[in-house]
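Working notes for the structure below.
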Amino acid sequence: TLPCPPGAQPCSPKYFGRDAMVCVCNATYCDMLDPLVLPAPGSYVKYESSKAGKRLERSEGRFQRRLCAPDVVLTLDTTQRFQRVKGFGGSITDAAAINILSLPERAQDHLLRSYFSEEGLEYNLIRLPMASCDFSLHAYTYDDVPYDYELTHFSLRDEDTKLKA
């Protein structure tokens with residue numbers, strides 16, 4: 001395993017034609033964020049990305065009670081709760097797993113840290129498709145025999161043991 005970076009490391013941009021930029025994450029470098037610290041009540045932290053080159057750029061501010069802004073009106077009622085957020089994450093499809101496993105081991109480690117570590121996005125949820133999905137190399141299920149209610153023909157595929165284990 002690699003040591004955890006001490007804090008934020010800026011994006012190393014790579015440009016693909018007009019208006020297309022990604023941050024490089026490879027075996028020797030991956031951008032990271034400072035660990036998130038919740039702001040004091042009445043304050044907020046904002047992360048912004050843009051085509052102009054911002055990549056999770058952090059800024060802070062305070063909510064104001066009565067600000068006259070002609071273009072933007074944001075009303076925050078802290079007494080109303082509509083839903084609970086359990087977390088954030090992504091999907092590990094066959095295609096995602098194939099791409100991750102095609103990277104050198106150190107690049108895989110950097111990539112996964114950028115998703116799950118405190119210096120990264122701090123994902124805490126993963127959606128794992130059962131059998132194939134639209135990002136699989138071919139269509140497959142776990143039991144293709146009709147009326148096999150006892151699941152005697154059920155079996156995992158190579159994609160499940162090699163890509164999703």
Side-chain angles (χ1 to χ4, degrees), residues 1-39 44-60 82-165:
T1 58
L2 300 171
C4 290
Q9 297 182 142
C11 173
S12 175
K14 182 172 183 174
Y15 295 91
F16 295 91
R18 199 178 135 204
D19 296 336
M21 186 271 290
V22 297
C23 294
V24 174
C25 182
N26 57 34
T28 59
Y29 184 85
C30 199
D31 58 315
M32 295 286 179
L33 302 172
D34 281 325
L36 178 64
V37 177
L38 293 178
Y44 64 86
V45 174
K46 174 180 77 171
Y47 289 90
E48 183 178 359
S49 297
S50 71
K51 283 186 175 183
K54 291 182 181 180
R55 199 268 178 196
L56 294 175
E57 186 175 294
R58 186 179 193 274
S59 62
E60 299 178 20
F82 295 100
Q83 62 190 23
R84 288 191 172 199
V85 176
K86 291 187 178 197
F88 295 91
S91 181
I92 301 294
T93 62
D94 294 359
I98 288 166
N99 284 307
I100 292 169
L101 292 172
S102 73
L103 297 171
E105 190 173 325
R106 287 176 58 91
Q108 289 179 36
D109 191 58
H110 278 149
L111 177 66
L112 294 175
R113 284 178 183 274
S114 74
Y115 286 141
F116 298 102
S117 75
E118 287 184 1
E119 299 84 24
L121 298 173
E122 297 188 63
Y123 280 2
N124 62 345
L125 296 174
I126 287 293
R127 181 178 64 86
L128 190 64
M130 294 178 62
S132 69
C133 71
D134 52 345
F135 292 106
S136 297
L137 296 176
H138 58 92
Y140 62 93
T141 69
Y142 295 137
D143 190 343
D144 290 328
V145 177
Y147 309 108
D148 184 12
Y149 299 118
E150 301 300 317
L151 298 177
T152 56
H153 297 280
F154 177 93
S155 66
L156 295 177
R157 301 291 297 257
D158 284 344
E159 290 83 356
D160 299 301
T161 58
K162 293 178 182 172
L163 302 178
K164 298 175 186 171

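Keep in mind that this is a model prediction, so the values were computed, not measured. Every heavy atom of this structure was used, including side-chain atoms; hydrogens, water molecules and symmetry mates were not.
T28 has its side chain out of reach of R106: every pair of non-hydrogen atoms, C-beta onward, lies at least 4.5 Å apart. At a threshold of 4.5 Å between non-hydrogen side-chain atoms, the residues F16 and V22 count as touching. The closest side-chain heavy-atom distance from Y140 to D158 is not below 4.5 Å. Within the 4.5 Å cutoff, the side chain of Y142 has heavy atoms near those of the D160 side chain. At least one side-chain heavy atom of R157 sits less than 4.5 Å from a side-chain heavy atom of H138.
Rounded to the nearest 0.5 angstrom, L103 CG and H110 NE2 are separated by 11.5 Å. Put simply, CG on D94 and CG on L128 are 9.0 Å apart, with the number rounded to the nearest 0.5 Å. If you take CG on L33 and CG on L121, they are separated by 6.5 Å, rounding to the nearest 0.5 Å. The CG atom of L56 sits 12.0 Å away from the CE atom of M32 when rounded to the nearest 0.5 Å. Note that CD1 of I92 and CD1 of I126 are 4.5 Å apart. Values are rounded to the nearest 0.5 Å. Atom SG of C25 is separated from atom CG of L111 by 5.5 Å, given to the nearest 0.5 angstrom.
Identified under the salt bridge (Lys or Arg N to Asp or Glu O under 4.0 Å) test for residues 123-136, with sequence neighbours left out: none.
Side-chain N or O atoms of D31 include none that pairs as donor or acceptor with a backbone N or O of C23 at under 3.5 Å. Judged by distance alone, with hydrogens and angles left aside, the side-chain atoms of S136 form no donor-acceptor pair with the main-chain N or O of A139 at under 3.5 Å. With hydrogens and angles disregarded, a donor-acceptor distance shorter than 3.5 Å links the side chain of D148 to the backbone of H153.
When all heavy atoms of Q108 and L101 are compared, the pair lying nearest together is NE2-O, 3.6 Å. Nearest heavy atom pair, residue S91 against residue A96, reads O-CB, 4.1 Å. Residues A131 and T141 share a closest heavy-atom pair of CB-CA, 3.8 Å. Considering all non-hydrogen atoms of both residues, E48 and K46 come closest at OE1-NZ, 3.8 Å.
Between the side chains of S117 and E119, at least one donor N or O sits under 3.5 Å from an acceptor N or O.
Applying the 6.0 Å contact sphere to CZ of F135 captures no more than 12 heavy atoms from other residues, nucleotides or ligands.
For the side chain to side chain contact (heavy atoms under 4.5 Å, CB included) with C30, the qualifying choice from S12, C11, S114 is S114, the only one to do so.
Note on ring orientation: taking the six-membered ring where Trp is involved, the planes of Y115 and Y123 are parallel (angle under 30°, cut-offs 30° and 60°).
Applying the side-chain hydrogen bond (donor to acceptor under 3.5 Å, both in side chains) criterion to Q83, with sequence neighbours excluded, gives no partner residue.
Salt bridge annotation for R55-E57: absent, with no cationic side-chain nitrogen under 4.0 angstrom from a carboxylate oxygen.
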